[in-house]
Amino acid sequence: MRSATVLGFGARAPAVVLDLLSKTSSEGGIPTIVPRRSQAIPLALLRAPYRTFLSNSGNNKVNKSSLSLLLYCLPTTETEYVMFSSEVESVRSTIISGDSSTVVAAYSVASNSVVGGSIEDVLAAVAGNSEKQAALAAGLLEALTKIDLKTIQQVVAPSKRKDIVVVVGSGGREHALAVALAQSPIVSEVLCCPGNGGTASESNPKIRNYGANQKNDTVIALVKEVGARMVVVGPEAPLVAGLVDEMKVECPGVLCFGPSKAAAELEASKAFTKDFLHEHGIPTAKYRTFTDTTEAINYVETLDENDRQVVKASGLAAGKGVLIPTSKKETIEAVKEIMSDKAFGNAGDVCVIESFLTGPEASCFALCDGKTAVLMPAAQDHKRALDNDEGLNTGGMGAYAPAPCVTPNIQKEIEQMCITTVEKMAERGTPYVGLLYAGMM
């Protein structure tokens, strides 16, 4: 059966590609799409204006060509190129073998276009135009040759890069970051500062622990000692302590992934974040903030018994500073636990009391450059310590992604909230660079 195989697009679903696939079906007579490492494509094709493409395989007006299509997304980095080299070889071999039954074309993320041709050229090739088929194949091979040469310079040549990356933190998150960073062919070592038992026993020889703690002076001394090229900060605490700011002064040539101390206030203070969201019209639950225990309790006393609240320590509490009482009495006890008993230390000096919301939760993360944001696929984590969504909130008992409750339209809406946040942070003189976390419900 004729098919259109889309290869290497990952979470990308460019409009150009969707348009091409839609026309390939409606005009080229190819009824089946086979996604390979292209998870976003099938879902995107279910949305308007492409919906009808899925049901037109029986259209008797379509071209009866016997050719299939292989549409390949060119790698955007040397790391992706090396990691998925088997895909590259598969594409090359399809062309070099002279398989005339398959039209092979490539999409370039950089130019947002078909390499060596256009949508019309691909359609003509699928319809049997051998000249167009040859031109598309030649354009793809030429593009791969350029990537080959660049990769050789970066990875194989005597002058190849041997970057050392320092990952700050000691949790499972930092372990995952280290494993991912070590996959890059231009990274020679990933030093975890201080790391944990998992990173200490990693089978990848690139990864090892180095450093006694994650304090700023320890990290900076390590960076200088080993000549690190980049620092990736996992936990919030070093960011709030101004590690990125100090790095810019002490190690100005070193890349540092994470926000400045001023921008990290979004993580450091729930009260600040709630006020910020409210000021800029970004949706958030109704709330009040308090620095006095008596005032907070008096506020709770004014609420209706059925007006359920969530009580939060405003400062950093390792993801555990949120209490979810079920009654007014429990709400008052929660306020005392946070503000008077200091269950979460100084993090409870300021207390946020906000309306209890119900519904599916999603953890969303956006990559930010200080000017805009790009949202990654949403995740759902399990916060409660016990089964059946019971027990205290934890830093996380497990997670999975993508979260099915975040539809493409909701994904766009959340991304716009993140973009607005980054834009407004820049306007106030505190540009946010790094990974922005948004807890959604």
Side-chain angles (χ1 to χ4, degrees), residues 168-175 194 196 213-216 233-244 258-259 261-277 284-285 287-293 295-297 299-300 308-326 330-357 361-365 379-386 389-399 421 432 434-441:
V168 180
S170 59
R173 167 173 45 188
E174 289 73 46
H175 189 169
N196 56 40
N213 55 60
Q214 62 186 35
K215 293 180 180 178
N216 292 5
V233 188
E236 298 89 348
L239 298 171
V240 174
L243 175 58
V244 172
K261 181 177 182 178
E265 191 72 5
L266 284 173
E267 285 285 355
S269 170
K270 296 180 183 67
F272 169 85
T273 302
K274 296 289 285 187
D275 289 344
F276 176 89
L277 297 175
T284 189
Y287 73 100
R288 289 280 300 274
T289 59
F290 298 92
T291 57
D292 181 82
T293 306
E295 289 182 8
I297 292 174
Y299 168 72
V300 174
R308 195 172 169 188
Q309 303 291 306
V310 177
V311 185
K312 302 180 177 182
S314 178
L316 293 179
K320 303 176 182 67
V322 177
L323 300 180
I324 307 178
T326 59
E330 288 184 6
T331 303
I332 292 173
E333 291 303 316
V335 169
K336 292 178 180 178
E337 184 176 346
I338 288 175
M339 301 190 74
S340 300
D341 301 342
K342 297 295 182 184
F344 306 106
N346 294 336
D349 288 349
V350 179
C351 179
V352 176
I353 302 176
E354 69 175 34
S355 296
F356 176 81
L357 302 179
E361 292 185 65
S363 297
C364 300
F365 299 90
Q380 283 188 305
D381 62 347
H382 306 279
K383 292 292 236 180
R384 295 294 190 98
L386 306 178
D389 202 29
E390 297 177 350
L392 294 174
N393 264 18
T394 70
M397 299 297 290
T421 298
Y432 194 98
L435 195 66
L436 177 66
Y437 167 72
M440 308 304 297
M441 179 174 286

Identify the two heavy atoms, one from [X] and one from [Y], that lie closest to each other, and give their separation to 0.1 Å.
| X | Y | result |
| --- | --- | --- |
| Asn216 | Ala241 | ND2-O, 3.1 Å |
| Asn196 | Gly171 | ND2-O, 3.1 Å |
| Val244 | Pro259 | CG2-O, 3.3 Å |
| Ala285 | Leu357 | CB-CD1, 3.8 Å |
| Ala313 | Phe344 | CB-CD1, 4.1 Å |
| Ile338 | Gly321 | CD1-O, 4.4 Å |

So, the side chain of [X] versus the backbone of [Y]: is there a donor-acceptor pair under 3.5 Å, distance only?
| X | Y | value |
| --- | --- | --- |
| Glu337 | Glu333 | no |
| Thr284 | Leu277 | no |
| Arg308 | Pro325 | yes |
| Arg384 | Gly391 | yes |
| Asp381 | Gly398 | no |

**Report entry** Glu361/Met440 under side chain to side chain contact (heavy atoms under 4.5 Å, CB included): CA gap, chis, key distance, verdict
**Finding:** CA-CA 6 Å; Glu361 292 185 65; Met440 308 304 297; over 6 Å; no
Is there a side-chain contact between [X] and [Y] (heavy atoms, below 4.5 Å)?
| X | Y | answer |
| --- | --- | --- |
| Cys351 | Thr289 | no |
| Tyr437 | Ser363 | yes |
| Phe272 | Leu266 | yes |
| Ile297 | Met339 | no |
| Val300 | Phe290 | no |
| Glu330 | Leu323 | no |

Query raised in the report: Side chains of Thr293 and Lys336: do they bring a donor and an acceptor to under 3.5 Å?
Result: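 Absent: no donor and acceptor within the cut-off.
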Query raised in the report: Rounded to the nearest 0.5 Å, how far apart are CG of Leu239 and CG of Leu435?
Result: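 The CG atom of Leu239 sits 10.0 Å away from the CG atom of Leu435.
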Report task. Kindly compute the distance separating OG1 (Thr421) from CZ (Phe276), expressed to the nearest 0.5 Å. Result -> 5.0 Å
Query - side chain to side chain contact (heavy atoms under 4.5 Å, CB included) evaluation trace for Gln309 with Phe356 - result: CA-CA 5 Å; Gln309 303 291 306; Phe356 176 81; 5.8 Å; no
Report task. Dump the intermediate steps for side chain to side chain contact (heavy atoms under 4.5 Å, CB included) on Ile353 and Val310, then the final yes or no. Result -> CA-CA 6 Å; Ile353 302 176; Val310 177; over 6 Å; no
Query raised in the report: Should we say atom CG of Asn213 is surrounded by more than 12 heavy atoms from elsewhere, each under 6.0 Å from it?
Result: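 Counting other residues, nucleotides and ligands, CG of Asn213 exceeds 12 neighbours.
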Query raised in the report: Any side-chain hydrogen bond (donor to acceptor under 3.5 Å, both in side chains) pairs touching residues 261-270, not counting sequence neighbours?
Result: Ser269-Ser314
